[in-house]
Amino acid sequence: MSRANGFLLAIEGVDAVGKKTQSRLLNSRFKLKHLKIKLLAFPDYATPIGKEIKAFLAGNRNYPPELIHILFAANRWEKRDELRRLLGEGNTVIVNRYKESNLVYGKANGLSLEWLANLENGLPRSDLVIVLDAPPTFLASRRSVNKDVYEADLRLQERVRKTYRELARKFPWVIIDATGDVETVHRRILKAVSAEIPRLD
Ligand code: TMP
């Protein structure tokens, strides 16, 4: 696949761990250094499939786990051409959740890793995966209202955290301790990303 100088950076982790805040801080850092940067998030709730995912997470669909994880993957297929274009233009693309979310949440929901990985075959690969790690109980207080069906399930969140740590031993994912204050966690992330993109330092 033609990637020119593009770089795909996935920010991963359990719900409410601070992915959005940290992705934004990283985005600002890239801009400060005049590096080409784009910030995306999955699920993209604005697409036709994204709307279906939103309905599921709101508790308005009764899908088997296979189907919802097919939809999460399909939501990335909807954005494949845009991703290819951005990477081809030499951007670093920060994605707040990517394929790795589906491997982890799908496995935590009882699906096989191989089956899940196949759904994403042909989509751009992540060049670096950062997993923000903190215990879900520590995070439970952060988002007390408007929890979606996954966020409200603390046992799922515990399995998800365990699965991130398990898969980070199988794949070259970088685990970052996300239990400090925002600035401390940002510095830890910056260190890991600068190792791959030295101009960021
Ligand atoms: P969000 O809260 O980051 O918008 O994500 C919604 C939920 O969807 C979250 O609990 C993680 C889950 N998810 C998957 O299971 N597979 C995926 O591919 C993505 C992007 C999210």
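Hydrogens, waters and symmetry mates are skipped; everything else that's a heavy atom, side chains included, is used. Atoms within a ligand are numbered from 1 in the order they appear, just like the ligands themselves.
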Note to self: Within the structure, is a non-hydrogen atom of Lys19 found at a distance of less than 4.0 Å from ligand 1?
What the structure shows: no

Margin query: Between ligand 1 and Lys99, can you find any atom pair, the residue atom being a heavy atom, that is separated by under 4.0 Å?
Written below: no

Does the pair [X]/[Y] count as a salt bridge with the N-to-O cut at 4.0 Å?
X      : Y      : result
Glu89  : Lys36  : no
Arg76  : Glu120 : yes
Arg155 : Glu158 : no

Notebook entry, point to check: By ring pair (Phe, Tyr, Trp, His ring centres under 6.0 Å), which residues pair with Tyr164, not counting sequence neighbours?
Noted result: none

Next item on the list: Could you list the residues that satisfy ring pair (Phe, Tyr, Trp, His ring centres under 6.0 Å) with Tyr45, not counting sequence neighbours?
Entry: none

Margin query: Closer than 4.0 Å to some heavy atom of Tyr45 - which atoms of ligand 1 meet that?
Written below: 1 (P), 4 (O), 5 (O), 6 (C)

Margin query: Using a plain distance cutoff, I'd like to know if Gln157 has any nitrogen or oxygen under 3.5 Å from a nitrogen or oxygen of ligand 1.
Written below: no

Notebook entry, point to check: Looking at ligand 1, does any of its N/O atoms fall within less than 3.5 Å of an N/O of Arg76?
Noted result: yes

Notebook entry, point to check: Nearest non-hydrogen atom to atom 9 (C) of ligand 1 belongs to which of Asp15, Leu119, Asp148?
Noted result: Asp15

Checklist line | From Tyr105, Tyr98, Phe72 - option closest to atom 8 (O) of ligand 1 by heavy atom | finding: Phe72

Item checked: Side-chain donor-acceptor contact under 3.5 Å, Arg97 with Tyr105 -> yes

Item checked: pair Phe7-Val93: side-chain heavy atoms closer than 4.5 Å -> no

Note to self: I need the contact type for Phe42 against ligand 1. Using non-hydrogen atoms and a strict under-4.0 Å cut-off, is it side chain, backbone, both or neither?
What the structure shows: both

Next item on the list: Quick one: look at Leu57 and ligand 1, take heavy-atom pairs under 4.0 Å, and tell me if it's side chain, backbone, both or neither.
Entry: side chain

